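Quick caveat: nothing in here was measured; it's all calculated off a predicted structure. Proteins come first, then strands; the chains are lettered A, B, ... in the order of their sequence lines, and each starts at number 1.
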Amino acid sequence: MTCEEEVMLNALLDCELDAVHARQVEEHVASCPTCAAQLRDYRVMRGGLAGAQMRYAAPRSLRTRVDARWTRRTREMSRRSLLQGFAAGTAATTAVAAAGVFLFVRISDETRLFGEVVSAHLRSLQGNHLTDVVSSDQHTVKPWFAGRLDLAPPVVDLTAQGFTLLGGRLDYVDARPVAVIVYRRRTHVINLFVAQAGGDSPANRRTMQQGYNIRRWRERDLDLIAVSDITADELQEFADKFSASLNSSS
Amino acid sequence: MMGAEGDDRAERFRAAALGHLDDVYTLARYLLGNAADAEDAAQECFLRAFRHFDSFRGGSAKSWLLAILRNVCRAEYARRAETATTADCNSAHGGQLTPLWESESGAPEAAMLRRLDDAAMRALIAALPEPFREVIVLREINDLSYREIADVTGTPVGTVMSRLARGRALLRTAWIAAEGPQK
């Protein structure tokens, strides 16, 4: 077999030949057992390699990261412009400031923020990323954050209200550390992101991104964002009970 | 940051690119050999693609993305080569393999190749020397035409064709070996 024939055989297999050349190669194959065997084997190889299972599906975390950057941003932006009077407005304004204290405040695009929060939520569900400190005792979880962050996140026990405290962890949102308090509702995880609120933090938001419900609210100079795959109503219930418990405990 | 115009651009990018994420990730897996590096490379690919989206002149978005991914992977190769001692990708297929045009001599004409399981096939592809592995994956798994492969790899179609011929011959030989003794 010559080099030329080998290349032509491949081109035949790949349907890259015009009719005239295809005919020529087919005629050669018909009279050449070596090429016939080769072509036959190549078809077996192709049959195996072309199977869907030889492809790799992009992990959900990757899809979220790649998608969050453009998709949800835009979708939310167009939706948000319909909401009259929402504090952030449509014009993106402040750039991310150097000062690290006002974590969520300086982010001009809330949608991007929510995208990151959902990504962090997804990440937390993989492997052993959910909790740095594992405890259902609020008096264990709360002090754990001391010294690790500039704020003391409120940790309340909501077991009696149907939300089990699993623990806490440090996470990174917009490349900065934030406190996350982790709860469970039945089999569903709720991540509550806690950061210092700034003057222009939006007060109350309910939204959904990538199939996850998000509830954002303010409480005592804190900016709180809860994320979970429980229903929006249940997440609202969580937020309400968290607030109620927080206010009754002090 | 981005205004309405930027959002329009983002939406167009998303429509053009996002559907090809699996293809990008798949090629990255085969080129880099592990999930973590592939994920990083795919993400970097999309970042770069978005940054240079204005230079995309239509045509096949899949080829365009895979070409970007390929460059990302080559940077990763270079980084690995620095940490390793000498990582000349050409040395891998220097001596021990049979020359291309003789490799098929004495190939069994009666026995047909058997199907292998997915893990075995992946291992065979992983063992192919770099330029051949790339072209095989682009053709058989990413399902690109010769012209598209030439665009992705920045090589003439003739080079694509000869690499593919050689790649398939190598793969067939390895396949037969992987089947173990016939009969």
Side-chain angles (χ1 to χ4, degrees), chain A residues 1-11 13-16 32-38 40-59 61-63 65-67 69-78 81 90-96 107-109 112, chain B residues 1-4 6-8 10-11 13-14 17-18 21-26 28-30 35 38-39 42-43 46-47 50 100-101 104-105 107-116 118 121-122 125 136-137 139-143 145-147 158 161-162 164-166 168-169 171-172 175-176:
Chain A
M1 179 181 299
T2 67
C3 167
E4 184 65 21
E5 279 170 357
E6 176 113 9
V7 166
M8 293 299 271
L9 192 70
N10 277 273
L13 178 75
D14 292 322
C15 303
E16 294 268 359
C32 172
T34 306
C35 283
Q38 191 167 1
R40 197 189 55 202
D41 281 357
Y42 283 2
R43 291 203 162 114
V44 174
M45 281 158 50
R46 152 158 298 174
L49 297 177
Q53 66 284 354
M54 290 301 285
R55 295 170 59 81
Y56 290 93
S61 56
L62 172 63
R63 188 168 290 280
R65 268 182 290 148
V66 168
D67 196 12
R69 212 164 265 278
W70 302 287
T71 331
R72 255 156 272 119
R73 261 179 68 70
T74 48
R75 207 182 293 142
E76 285 289 316
M77 286 290 272
S78 51
S81 61
T90 50
T93 47
T94 350
V96 175
I107 297 168
S108 56
D109 188 340
R112 184 168 60 84
Chain B
M1 301 288 201
M2 291 205 286
D7 287 327
D8 177 55
E11 193 52 47
F13 177 77
R14 176 181 172 270
L18 205 61
L21 179 60
D22 282 347
D23 272 297
V24 167
Y25 180 69
T26 294
R29 280 292 295 261
Y30 283 109
E39 206 169 314
Q43 185 174 5
F46 270 70
L47 281 174
F50 184 59
L100 172 56
W101 312 118
E104 298 311 316
S105 63
E109 287 164 20
M112 189 168 147
L113 281 192
R114 282 179 286 155
R115 294 289 287 265
L116 297 175
D118 304 336
M121 287 191 291
R122 285 176 175 172
I125 291 180
I136 291 280
V137 172
R139 177 66 202 106
E140 302 287 33
I141 298 175
N142 290 123
D143 198 27
S145 69
Y146 287 1
R147 179 70 255 167
M161 293 173 80
S162 60
L164 198 51
R166 166 104 197 221
R168 281 210 176 100
L171 186 61
R172 185 190 187 206
W175 194 298
I176 291 168

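- A salt bridge links B/R139 to A/D14: one of the charged nitrogens lies within less than 4.0 Å of a carboxylate oxygen.
- Of all heavy-atom pairs between A/V7 and B/A165, the closest is CG2-CB, 4.1 Å.
- By number of non-hydrogen pairs under 4.5 angstrom with chain B, the leading residue of A/A36, A/A50, A/A57 is A/A57.
- Summarising the geometry, atom CZ belonging to A/R43 is positioned 10.5 Å from atom CE belonging to B/M112; distances are rounded to the nearest 0.5 Å.
- What you find for A/E6 and B/A169 is that their closest heavy atoms are OE2-CB, 3.8 Å.
- Note that CE of A/M45 is 8.0 Å distant from CZ of B/R172, once rounded to the nearest 0.5 Å.
- Put simply, the side chain of B/R168 reaches to within 4.5 Å of the side chain of A/R46, judged on heavy atoms.
- For the set B/M161, B/R147, B/E39, the count of heavy-atom pairs under 4.5 angstrom toward chain A peaks at B/E39.
- Residue B/D143 does not touch chain A at all, counting heavy-atom pairs closer than 4.5 Å.
- Counting heavy atoms from C-beta outward, A/R63 and B/D22 have side chains that approach closer than 4.5 Å.
- Residues A/M54 and B/E140 have side chains not in contact (no heavy-atom distance under 4.5 Å, counting atoms from C-beta outward).
- Interface residue A/E16: only side-chain heavy atoms are found under 4.5 Å from chain B.
- Considering all non-hydrogen atoms of both residues, A/V66 and B/F46 come closest at CG1-CD2, 3.3 Å.
- Taking the ring centre of A/Y56 as origin, the terminal cationic atom of B/R122 falls inside the region bounded by 6.0 Å and 45° from the ring axis.
- Here the shortest heavy-atom pairing between A/L62 and B/L21 reads CD2-CD1, 4.1 Å.
- For the pair B/D23/A/R55, a side-chain contact is recorded, criterion being any heavy-atom separation below 4.5 Å from C-beta on.
- Minimum heavy-atom separation, A/V44 to B/L113: CG1-O, 3.6 Å.
- Heavy-atom distances place the side chain of B/I125, and not its backbone, under 4.5 Å from chain A.
- Across B/Y25 and A/A58, no two heavy atoms sit closer than the pair CD2-CA, 3.6 Å.
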